[in-house]
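Below: one structure, written as structure tokens.
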Amino acid sequence: MPPHTSKEVALKIDKVLNEFGRSPLHGTTFADSPNSCPEMVLAMLMDALIKARPISHELTQKTIKELIKARYYDIDVLSNSTWEDRTMVLQAGGYNRYREQCATNLGELADLVVEKYEGDLNNLLLDAGCEINKVGRLLKEVKGIGDLAVEIFFNSVQSVWPSIAPSVDSRSLKTAAEIGIGTDLDEIYNALDRDPMRMSWFANGLSEVRLEKKQEVIQEL
């Protein structure tokens with residue numbers, strides 16, 4: 001345990017990680033083998049694009065599974081899809097309220113990734129010099145990607161882009177404050193042995209605590 005982390009806070013961090021922690025793209029075929037291949041990073045960004053909209057957790061999970069089933073993590077497949085194709089895939093995921101706009105955004109995402117980053121979002125990281133603020137600005141050139149989507153993307157991508165760690169989206173950081181962990185990201189990162197993968201699992205775990213309304217389980221420690 002790092003010297004500046006109290007025993008109580010360390011226990012709460014461990015509980016969030018061990019009981020609620022989730023791998024990037026949890027519940028999909030990508031969940032067990034996170035790496036920085038272009039397909040993984042593109043899938044993470046699509047996941048963030050979907051989750052940033054105010055729809056249910058269940059529908060977001062179903063939708064990202066449909067996008068992966070359609071192989072839209074492959075930039076060639078996504079680039080060659082039609083607006084109608086993308087609309088049907090989103091509909092299969094139950095992503096109805098924002099379906100048409102999201103179909104458009106996915107097409108524009110594909111165009112930008114191909115034209116500006118040679119089909120690989122890892123080149124965006126290189127263009128930004130691995131600086132988190134520059135990465136965020138470049139990501140927001142994608143229509144439909146705002147501050148929240150960037151934060152959600154950072155939760156996951158820090159596992160394969162270590163320069164993005166430590167990151168926790170603003171909604172989950174409020175949860176960390178509510179349950180007594182606090183909002184000092186460096187302190188949390190130290191408690192996780194400055195491991196980007198564990199930080200990613202923890203950030204996604206905080207999201208689970210918030211979505212499942214399990215704050216009291218952690219607060220009781």
Any donor and acceptor pair, going by atom type alone, linking the side chain of [X] with main-chain N or O of [Y] inside 3.5 Å?
X: T60; Y: H57; value: yes
X: E151; Y: R171; value: no
X: D74; Y: D76; value: yes
X: S172; Y: T175; value: no
X: T63; Y: L59; value: yes
X: D85; Y: S81; value: no

Just so I know, are the side chains of [X] and [Y] near enough to count as touching, which here means a heavy-atom distance under 4.5 Å?
X: E19; Y: D14; answer: no
X: L185; Y: S167; answer: no
X: I75; Y: P38; answer: no
X: E66; Y: L90; answer: no
X: V41; Y: F153; answer: yes
X: E131; Y: S163; answer: no

Return the [atom1] to [atom2] distance between [X] and [Y], rounded to the nearest 0.5 Å.
X: I145; Y: N105; atom1: CD1; atom2: CG; result: 8.0 Å
X: D47; Y: Q61; atom1: CG; atom2: CD; result: 7.0 Å
X: L138; Y: K116; atom1: CG; atom2: NZ; result: 5.5 Å
X: E108; Y: T104; atom1: CD; atom2: OG1; result: 6.5 Å
X: K65; Y: F30; atom1: NZ; atom2: CZ; result: 14.5 Å
X: N122; Y: C37; atom1: CG; atom2: SG; result: 8.0 Å

For [X], is the [atom1] atom crowded, meaning more than 12 foreign heavy atoms sit under 6.0 Å from it?
X: E118; atom1: CD; answer: no
X: K143; atom1: NZ; answer: no
X: R97; atom1: CZ; answer: no
X: E58; atom1: CD; answer: no

| message | Applying the side-chain contact (heavy atoms from CB on, under 4.5 Å) criterion to I13, which one of L206, I179, I181 satisfies it? | response |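 Of L206, I179, I181, side-chain contact (heavy atoms from CB on, under 4.5 Å) with I13 is met by I181 alone.
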| message | L45 and side-chain contact (heavy atoms from CB on, under 4.5 Å): which single residue from I50, L124, V113, L109 fits? | response |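 Testing L45 for a side-chain contact (heavy atoms from CB on, under 4.5 Å) against I50, L124, V113, L109 leaves exactly one candidate, L109.
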| task | Starting from the C-alpha separation in whole Å, work towards a yes-or-no answer on side-chain hydrogen bond (donor to acceptor under 3.5 Å, both in side chains) for S36 and W161. | result | CA-CA 7 Å; S36 61; W161 289 357; 5.7 Å; no
For [X] and [Y], which heavy atoms make the closest approach, and how far apart are they?
X: S207; Y: D169; result: OG-OD1, 3.6 Å
X: K12; Y: Q219; result: NZ-O, 4.0 Å
X: K62; Y: A92; result: CE-O, 3.4 Å
X: A177; Y: T183; result: CB-CG2, 3.9 Å
X: Y72; Y: V89; result: OH-CG2, 3.6 Å
X: R86; Y: A103; result: NE-O, 2.7 Å

| How far apart are the C-alpha atoms of R99 and N96, what are their side-chain angles, what is the distance that settles it, and do they pass the side chain to side chain contact (heavy atoms under 4.5 Å, CB included) test? | CA-CA 5 Å; R99 182 178 67 239; N96 294 318; 2.8 Å; yes
| Do K140 and D147 sit within salt-bridge range, that is, some charged N less than 4.0 Å from a carboxylate O? |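 Looking at K140 and D147, the cut-off is met.
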| task | Test N133 against R137 for side-chain hydrogen bond (donor to acceptor under 3.5 Å, both in side chains), laying out the working first. | result | CA-CA 6 Å; N133 291 331; R137 286 198 296 272; 5.9 Å; no
| task | Start with the C-alpha distance between N204 and H26, add both sets of side-chain angles, then the distance that settles side chain to side chain contact (heavy atoms under 4.5 Å, CB included), and finish with yes or no. | result | CA-CA 9 Å; N204 291 326; H26 174 75; over 6 Å; no
Side-chain heavy atoms nearer than 4.5 Å, only ILVMFWY residues, links allowed to pass through others: does that put [X] and [Y] together?
X: M197; Y: F154; result: no
X: L49; Y: I55; result: yes
X: M40; Y: V77; result: yes
X: V157; Y: L173; result: no
X: L148; Y: V150; result: no

| query | Does NZ or CZ of R53 fall inside the cone over Y98's six-membered ring, less than 6.0 Å from its centre and within 45° of the axis? | reply |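 Yes, a cation-pi geometry holds between R53 and Y98.
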| message | Between R71 and E39, is the salt bridge (Lys or Arg N to Asp or Glu O under 4.0 Å) condition met? List the steps. | response | CA-CA 9 Å; R71 300 187 69 247; E39 293 81 7; over 6 Å; no
| field | Distance-only side-chain donor-acceptor flag, S200 / Q158, under 3.5 Å | value |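 On atom types as modelled, these side chains do not qualify, holding no pair under 3.5 Å.
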| field | Centroid-centroid distance, F202 to F20, less than 6.0 Å | value |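 No, ring centres 6.0 Å or more apart.
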